[in-house]
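Here's the structure we're looking at; comments come further down.
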Number of protein chains: 2
Amino acid sequence: MAAQRPAHEGRERSADARSSQEHRNTRQRRTVVEALDTLEDFHSAQDFHRIVADRGGRVSLATVYRILQSLEDTGDVDVVQGDDGQALYRKCSADDHHHHLLCRRCGAAEDIEADVVERWAEQVGAASGYTQIAHTIELTGLCAQCTREVAGSS
Amino acid sequence: MAAQRPAHEGRERSADARSSQEHRNTRQRRTVVEALDTLEDFHSAQDFHRIVADRGGRVSLATVYRILQSLEDTGDVDVVQGDDGQALYRKCSADDHHHHLLCRRCGAAEDIEADVVERWAEQVGAASGYTQIAHTIELTGLCAQCTREVAGSS
DNA sequence: ATTTATGCAAAGGATTTGCAGTATC
DNA sequence: GATACTGCAAATCCTTTGCATAAAT
């Protein structure tokens with residue numbers, strides 16, 4: 001019923017409620033985490049599977065899903081729901097809350113901090129009597145590069 | 001690849017690029033649209049199918065999907081991707097661009113206009129050299145009612 | 001040795017599509 | 001009557017699961 005909601009809500013999570021569970025340090029887990037660390041932007045589980053495969057890693061799709069899910073539980077990845085309904089994962093780089101600006105065409109991603117919006121969200125929520133406001137904010141557009149390319153070909 | 005993007009982008013759509021196509025006025029279309037008009041908050045296609053059925057309407061699931069899709073194209077519904085990856089539809093009450101504040105607990109939804117953010121989005125995008133900025137902004141929280149109820153039971 | 005993780009294949013759930021039949025314009 | 005719309009069932013796509021096996025502690 002509720003709409004999209006990224007792993008990170010507007011609220012901060014207690015710094016100890018995540019990570020360092022008793023996960024077994026398997027090759028596939030290491031492989032996926034490494035891929036995750038390498039990539040800057042959001043990718044689907046299927047993407048990770050392919051990416052890992054391209055790099056010579058061999059991890060079954062089901063396992064990729066399981067690992068990603070486990071990382072989601074421990075708060076080590078950000079998750080957003082893609083347009084087409086597939087879940088997109090990205091390493092949780094900063095511990096602080098932040099948002100993204102994605103290029104619709106090439107997938108590039110930039111982090112953007114948004115004090116303004118943080119405040120705005122709290123404000124609007126409060127005005128309607130809502131509490132525990134969390135927000136999902138994603139900006140998409142065409143990066144400078146793609147803007148040029150698109151202009152050139154049209 | 002790109003992240004969630006609601007029916008309404010940050011851009012305004014030309015007031016005539018939507019609605020009033022040459023859709024045939026079929027019983028099933030009327031039925032679905034009526035349900036849509038009745039309900040205030042977001043519901044999945046499957047929800048609509050069931051709701052319509054409960055009211056005695058007989059519209060196949062596939063058709064519900066097709067109608068909802070067509071309404072999306074004409075800009076007559078707002079669409080957001082639910083947590084579990086299912087698309088949620090709601091009638092587009094206002095003609096202007098707006099966002100939502102949803103209650104995580106009871107699903108209530110409020111419209112919120114957000115000039116501030118509109119401007120902010122443009123600004124941030126431009127600062128990074130991005131063009132054609134679109135934004136997805138969803139606020140979730142606990143409505144006043146639910147806030148009370150939750151407080152009472154914990 | 002125990003216990004958790006992995007692979008594979010099958011199962012699920014949401015959404016789409018092909019096609020023949022039907023309703024609308 | 002032509003054409004768009006519907007229903008049904010099959011087909012996709014993403015994701016989850018059951019189960020036997022392999023690996024980690």
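The model shown is predicted, which means the values in this text are computed figures rather than measured ones. Throughout, protein chains are lettered first and strands after them, A, B, ... in sequence-line order, and every chain is numbered starting at 1.
The shortest distance between the side-chain N/O atoms of A:Tyr65 and the OP1/OP2 oxygens of D:dT15 is below 4.0 Å. Phosphate contact (OP1/OP2 of D:dT6, side-chain N/O of B:Ser60, threshold under 4.0 Å): absent. For B:Gln28 and C:dA23, the shortest distance from a side-chain N or O to OP1 or OP2 is not below 4.0 Å.
Taken from CG in B:Asp76 to CG in B:Asp37, the straight-line distance is 9.5 Å, to the nearest 0.5 Å. Taken from CZ in B:Arg66 to CZ in B:Arg29, the straight-line distance is 12.5 Å, to the nearest 0.5 Å.
As a whole-Å value, the separation of A:Leu61 CG from C:dC8 P is 11 Å. In this structure, CZ of B:Arg50 is placed 10 Å from P of C:dA14, rounded to the nearest angstrom. Note: CD1 (B:Ile67) to C1' (D:dA4) measures 13 Å, nearest angstrom. The interatomic distance linking B:Leu71 (CG) with D:dC5 (P) rounds to 12 Å, in whole Å. Between the CD atom of A:Gln86 and the C1' atom of D:dC13 there is a distance of 9 Å, given to the nearest Å. When the P atom of C:dA14 is taken as reference, atom NE2 of B:His43 falls 16 Å away, rounded to whole Å. Rounded to a whole Å, the OH atom of A:Tyr89 is 13 Å from the P atom of D:dC14. Straight-line distance from the CD atom of B:Glu72 to the C1' atom of C:dT15: 12 Å, rounded to whole Å.
B:Tyr89 has its side chain within reach of B:Phe48: a pair of non-hydrogen atoms, C-beta onward, lies under 4.5 Å apart. Side-chain atoms of A:Ile51 and A:Leu39, non-hydrogen and from C-beta on, do get closer than 4.5 Å to each other. The closest side-chain heavy-atom distance from A:Leu71 to A:Val33 is below 4.5 Å. Residues B:Val77 and B:Val79 meet the side-chain proximity criterion, which asks for heavy atoms closer than 4.5 Å.
Counting only distance, with no hydrogens or angles, the side chain of A:Arg30 and the backbone of A:Asn25 share a donor-acceptor pair below 3.5 Å. Distance alone, capped at 3.5 Å, is enough to place a donor-acceptor pair between the B:Thr38 side chain and the B:Glu34 backbone.
Contact annotation for A:Gln69: backbone-only contact, meaning every heavy-atom pair under 4.0 Å involves sugar-phosphate atoms and none involves a base.
Within residues 52-59 of chain A, the residues having any heavy atom under 4.0 Å from DNA chain C are, by residue number, A:Arg58, A:Val59.
For B:Asn25, whose side chain is taken as the heavy atoms from C-beta onward, the closest listed nucleotide among D:dT15, D:dT6, C:dC25 is C:dC25.
Minimum interatomic distance between A:Ser44 and A:Gln86 (heavy atoms only, all atoms of both residues): CB-NE2, 3.0 Å.
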Polar pairs (N or O, both sides) under 3.5 Å between protein and nucleotides 18-23 of chain D?
residue	atom	partner	partner atom	Å
D:dG18	O6	A:Arg66	NH1	3.4

